[in-house]
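Below, chains carry the letters A, B, ... as their sequence lines are ordered, and counting in each starts from 1.
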Protein chains: 2
Amino acid sequence: MDIHNFPSKLLEETVNELANLPGVGYKSALRFALFLLNKNEVEVEKFGNTIINFKKKIKHCTVCNNISDTEYCDICEQTNRKHSVVCVVESIKDVMAIESTQQYQGVYHVLGGIISPIDGIGPSDLAIDLLEERVQKSEINEIILALSTTMEGDTTNFYLYKKLSKYDLEITTIARGISFGDELEYADELTLGRSIINRVKFQMNNH
Amino acid sequence: MDIHNFPSKLLEETVNELANLPGVGYKSALRFALFLLNKNEVEVEKFGNTIINFKKKIKHCTVCNNISDTEYCDICEQTNRKHSVVCVVESIKDVMAIESTQQYQGVYHVLGGIISPIDGIGPSDLAIDLLEERVQKSEINEIILALSTTMEGDTTNFYLYKKLSKYDLEITTIARGISFGDELEYADELTLGRSIINRVKFQMNNH
């Protein structure tokens, strides 16, 4: 169906706005708009204002660049965490993913993206200077690079390594290997090779 | 990942609102929220206000119940259409779908749903009284029932037929049959059977 045959300008504008959302096409946007139309006015106002308010009031933690409602984020505020270990991630989603493993006691540094010349994102668009400042100012013993294993991730890792290797700290990267539940025969050669080179001592509860 | 581990109350509220949209889960809602966060404040305000404005200002055509920016919708305003033929549909989406075929010259009546006792939708929740009033007031020769072929669609068709059959007009329903491009062997028996019973004269440009 030709989705551009709108019976109303107001509907058209709304669908156009909603279709900007990532992964949302015109059909889904129309579905969203008609869904919102079925809600009452108070609910729709709450919907719109929550989003506007979010953008207006949200802050970035002045230490780690994570999003926060206050000047320092919840994680940086926690005194029982190891503030000398900093895990560098691309986005807030990665912080949430690592936090939900409940395996990490250190703090984070959110770059806000990775170096990607194709998308016009260079080092100066990311919170890399903030990270270097942080390394200079506070006592950091270890930087864990936890970026994705793409070309852009590798580029960013390399750039960060060059920037930070002159400081007295350990630079590590998260382990790459076979996922739990994966069959060896279907694993890619790079991952499988790496998992053999970086093998760890067998432990009864950690195999 | 445990998506409920929000670093910010504002983010959490926004994700909750966005996750209300049909077919949107928490992961997509988070993606939407972070996408909006990357936009500038003016763009996000436009996004939110467009939606609020849409709900506040949109009208329903007082004749056919289609959505409209004005008292009468564009279609009802068109004098070159056949106002004596009314196609009854469930929602605005169906109007848009039929309009895009460019095969229909009549007008519409948008019920705003179909009778569905399970969802608590009865005849009084739909624009059925408005349709009956319309039949009484204006000169209508034909009502085309174009609802979906579900149990609820059939119930609604039956209800409308009972309501409207006492008036001097023809009640028709859209043709059911094999879609263009479909193979007969994969068609369901009901559709195939109906397409044989309701066969039409072969024409060189209409096969």
Engineer: Against chain A, work out which of B/T70, B/D69, B/I98, B/T50 has the most heavy-atom pairs shorter than 4.5 Å and name it.
Structural biologist: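 Greatest number of close heavy-atom pairs with chain A: B/D69.
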Engineer: For A/K93 and B/K27: C-alpha separation, side-chain torsions, deciding distance, then whether side chain to side chain contact (heavy atoms under 4.5 Å, CB included) applies.
Structural biologist: CA-CA 9 Å; A/K93 276 188 273 193; B/K27 282 207 175 180; over 6 Å; no
Engineer: Tell me, do A/F32 and B/V24 make a side-chain contact under 4.5 Å, heavy atoms counted?
Structural biologist: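 Side-chain contact under 4.5 Å: yes.
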Engineer: B/E13, B/E41, B/K39: which one forms the most heavy-atom pairs within less than 4.5 Å of chain A?
Structural biologist: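 Looking at each option in turn, the highest pair count goes to B/E41.
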Engineer: Flag the one option from A/L10, A/L11, A/I58, A/N49 with the top tally of heavy-atom pairs under 4.5 Å to chain B.
Structural biologist: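 Highest number of heavy-atom pairs under 4.5 Å: A/L10.
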Engineer: Between A/K55 and B/E45, is there a salt bridge with N-O shorter than 4.0 Å?
Structural biologist: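 The answer is no: the pair does not qualify as a salt bridge.
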Engineer: Any idea which of B/K56, B/E43, B/K59, B/E99 has the most non-hydrogen atom pairs under 4.5 angstrom with chain A?
Structural biologist: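 When all of B/K56, B/E43, B/K59, B/E99 are compared, B/K56 has the most.
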Engineer: Please round to the nearest 0.5 Å and tell me the distance separating atom OG of B/S68 and atom NZ of A/K9.
Structural biologist: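 Spacing of OG (B/S68) from NZ (A/K9) equals 13.5 Å.
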Engineer: Evaluate whether atom CZ of A/F158 has more than 12 neighbouring non-hydrogen atoms of other residues, nucleotides or ligands under 6.0 angstrom away.
Structural biologist: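 Open.
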Engineer: Could you state the interatomic distance from CG (B/L30) to OG (A/S91), rounded to the nearest 0.5 Å?
Structural biologist: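 Result: 8.0 Å between the selected atoms.
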Engineer: If I measure from the heavy atoms of chain B, does A/F47 come under 4.5 Å with its side chain, its backbone, both, or neither?
Structural biologist: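 For A/F47, backbone and side chain are both near chain B.
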Engineer: With a sphere of 6.0 Å drawn around CZ of A/R194, does it hold more than 12 non-hydrogen atoms of other residues, nucleotides or ligands?
Structural biologist: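 No - once you tally the heavy atoms of other residues, nucleotides and ligands closer than 6.0 Å, there are 12 at most.
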Engineer: Please rank A/C61, A/A33, A/G112, A/S28 by heavy-atom pairs under 4.5 Å with chain B and give me the top one.
Structural biologist: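 Answer, by heavy-atom pair count under 4.5 Å with chain B: A/A33.
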Engineer: Would you check if A/L37 and B/I92 make a side-chain contact, meaning some heavy-atom pair closer than 4.5 Å?
Structural biologist: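 Side-chain contact under 4.5 Å: yes.
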Engineer: Looking at CD1 of B/I52 and NZ of A/K46, how far apart are the two atoms once the value is rounded to the nearest 0.5 Å?
Structural biologist: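 Reported value, rounded in 0.5 Å steps: 12.0 Å.
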Engineer: More than 12 foreign heavy atoms under 6.0 Å from OH of A/Y159: is that the case here?
Structural biologist: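 Buried by this count: over 12 neighbours within 6.0 Å.
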Engineer: Determine whether more than 12 heavy atoms belonging to other residues, nucleotides or ligands lie under 6.0 Å from atom CD of A/Q136.
Structural biologist: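 Counting other residues, nucleotides and ligands, CD of A/Q136 exceeds 12 neighbours.
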Engineer: On a heavy-atom basis, which atom in B/R31 and which in A/G23 lie closest, and how many Å separate them?
Structural biologist: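 Smallest interatomic distance, heavy atoms only, reads NH2-N, 4.2 Å.
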Engineer: Between B/E17 and A/I51, does a side chain to side chain contact (heavy atoms under 4.5 Å, CB included) hold up when you go through it step by step?
Structural biologist: CA-CA 8 Å; B/E17 285 291 337; A/I51 292 166; 5.5 Å; no
Engineer: Counting neighbours of OH on B/Y167 that are heavy atoms of other residues, nucleotides or ligands and sit closer than 6.0 Å, is the number greater than 12?
Structural biologist: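 Yes, OH of B/Y167 has more than 12 neighbouring heavy atoms, counting only those of other groups under 6.0 Å.
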Engineer: A side-chain contact here means heavy atoms from C-beta on lying under 4.5 Å apart; do B/V44 and A/F54 qualify?
Structural biologist: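 Not touching, per the 4.5 Å side-chain cut-off.
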Engineer: With a 4.5 angstrom heavy-atom cut-off, could you sort out which part of B/N40 is near chain A: side chain, backbone, both or neither?
Structural biologist: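 For B/N40, backbone heavy atoms alone lie under 4.5 Å from chain A.
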Engineer: Counting neighbours of CZ on B/F35 that are heavy atoms of other residues, nucleotides or ligands and sit closer than 6.0 Å, is the number greater than 12?
Structural biologist: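 Counting neighbours around CZ of B/F35, more than 12 heavy atoms of other residues, nucleotides or ligands fall under 6.0 Å, so yes.
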Engineer: A/L18 versus chain B, heavy atoms under 4.5 Å apart: side chain, backbone, both or neither?
Structural biologist: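 Both backbone and side chain.
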Engineer: Contact between A/L36 and B/L21 at the side-chain level, heavy atoms closer than 4.5 Å - yes or no?
Structural biologist: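 In contact.
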Engineer: Grab the two heavy atoms, one from A/P7 and one from B/N66, that are nearest each other, plus how far apart they are.
Structural biologist: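 Taking A/P7 first and B/N66 second, the nearest heavy atoms are CB-ND2, 3.9 Å.
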